[in-house]
Amino acid sequence: MGTYSPAQRKKKRSVADTLLEAEREHLLDCPNADLPIRSAAFLLDLIFVSLGSSGIHSLIEALKTSIPLLLGIVSEPSAPLVILGITYLSWLLKTAAIYLYFVWSVMRFGGTPAKLLMGLRVIHIETGDRLDYREAVVREIGGKFLTTLSILGPLFSLRRPDRRMLHDLLARSTVKNVRGEP
C-alpha cells in the first residue's frame, strides 16, 4: 500500500516579484533603440559629465588657493605637498563621479540619467534584468572606452539587425526604447 504524501503548497509570490517579472517581460518586448537616439543620449551624458567635472574642478581650484592661506603655509616647503594632495583629491572625486554616473546608475536604475530621460533602458539580453556589477563595468568602462576611441562601435551596430553595439555584445546587454517606436 502506498504512503500518503500531502499536496505541496505553492509559495505565494509577492506583489513586488510579480511586478518585477512583468517589467522584465515588458522590457524584452520593447524595440531595440536606434543609433541616432543612442548617440543623442551619449552626447547628453557627455554634457552632464562635463558640467559635473567642471564644477568639481572649480571647487578644487578654490580649495587650492584658500587652504594654504588658511593653514598659514604659503611660503613653507609643505605648500607644494598640500597642493599635490588637493590635486589628487580632484582626480579621486572626478573618477568617483564618473563611476557613479555611468556604472552605478546602469546597475541601479537601468541606464544613465540621459538614457533614462530619453526613454532608454539597458538590460541583459537574455533575462531582461538590469546589468550586474561585472556586466556594467565591462559595458560602461571597458567596452565604451574601446568603441569610443574607434569608430567601430557605431559602425558595428549599423551592420547588425538587432542594432547592438560592440560594448553591448561584450556585456551581453541591449538598449531598449521603452517609449516604443517614434
**Item:** Audit row: V103, V137, side chain to side chain contact (heavy atoms under 4.5 Å, CB included) steps and yes/no
**Value:** CA-CA 6 Å; V103 177; V137 167; 3.8 Å; yes
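- The shortest side-chain heavy-atom distance between L116 and T112 does not fall under the 4.5 Å cut-off.
- A salt bridge is defined here as a Lys NZ or Arg NE, NH1 or NH2 lying under 4.0 Å from an Asp or Glu carboxylate O, and D168 with R38 meets this definition.
- When side chains are defined from C-beta on, L28 counts as touching I123, because their heavy atoms get closer than 4.5 Å.
- Hydrophobic clustering of Ile, Leu, Val, Met, Phe, Trp and Tyr side chains at less than 4.5 Å, counting indirect connections, unites L100 with F109.
- Inter-residue side-chain proximity for L169 and R160 is flagged as met; some heavy-atom pair is nearer than 4.5 Å.
- Under the 4.5 Å side-chain heavy-atom criterion for ILVMFWY residues, a single connected hydrophobic cluster contains both L117 and Y101.
- Residues R172 and V138 form no side-chain contact, since every pair of their non-hydrogen atoms from C-beta on lies 4.5 Å or further apart.
- Salt bridge absent: R134 and D132 never bring a charged side-chain N and a carboxylate O closer than 4.0 Å.
- One finds the CD1 atom of I37 at 10.5 Å from the NZ atom of K115 (value rounded to the nearest 0.5 Å).
- Between G110 and R130, the closest heavy-atom pair is N-CD, 3.7 Å.
- Separating the OG atom in S173 from the CZ atom in R121 is a distance of 15.0 Å, to the nearest 0.5 Å.
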**Prompt:** What's the verdict on side chain to side chain contact (heavy atoms under 4.5 Å, CB included) for F102 and I141, showing C-alpha distance, side-chain angles and the deciding distance?
**Reply:** CA-CA 8 Å; F102 286 104; I141 293 177; 5.9 Å; no
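- When all heavy atoms of A97 and I56 are compared, the pair lying nearest together is CB-CD1, 4.0 Å.
- Side-chain atoms of S53 never come within 3.5 Å of backbone atoms of V49 as a donor-acceptor pair (strictly under, hydrogens ignored).
- The hydrophobic clustering, which links ILVMFWY residues whose side-chain heavy atoms are closer than 4.5 Å, places F48 and Y99 apart.
- Hydrophobic clustering of Ile, Leu, Val, Met, Phe, Trp and Tyr side chains at less than 4.5 Å, counting indirect connections, unites Y133 with W104.
- In terms of heavy atoms, L131 sits closest to H124 at CD2-N, 3.8 Å.
- Distance check, rounded to the nearest 0.5 Å: NZ of K94 to OG of S54 gives 8.5 Å.
- Residues L44 and F42 do not share a hydrophobic cluster, clusters being chains of Ile/Leu/Val/Met/Phe/Trp/Tyr side chains in contact below 4.5 Å.
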**Intermediate values then yes/no, side chain to side chain contact (heavy atoms under 4.5 Å, CB included), N177 and N32** = CA-CA 6 Å; N177 189 349; N32 287 354; over 6 Å; no
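- The two residues A40 and M118 make their nearest non-hydrogen contact at CB-CE, 3.7 Å.
- Taken from OG in S50 to CG in D45, the straight-line distance is 12.0 Å, to the nearest 0.5 Å.
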**Asked** Could you walk me through whether L93 and I60 pass the side chain to side chain contact (heavy atoms under 4.5 Å, CB included) check?
**Response** CA-CA 10 Å; L93 286 174; I60 294 299; 4.2 Å; yes
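- With contacts defined as side-chain heavy-atom distances shorter than 4.5 Å, the pair R139/L170 does not qualify.
- Between D29 and H26 the shortest side-chain heavy-atom distance does not fall below 4.5 Å.
- Here the shortest heavy-atom pairing between A41 and A114 reads O-CB, 3.3 Å.
- Separating the OG atom in S14 from the CG atom in L19 is a distance of 8.5 Å, to the nearest 0.5 Å.
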**Request:** Report the C-alpha separation of T174 and R164 in whole Å, then their side-chain angles, then the decisive distance to 0.1 Å, and conclude whether the side chain to side chain donor-acceptor pair (under 3.5 Å) test is met.
**Result:** CA-CA 6 Å; T174 186; R164 292 171 61 204; 4.7 Å; no
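- Residues K176 and C30 share a closest heavy-atom pair of NZ-O, 3.0 Å.
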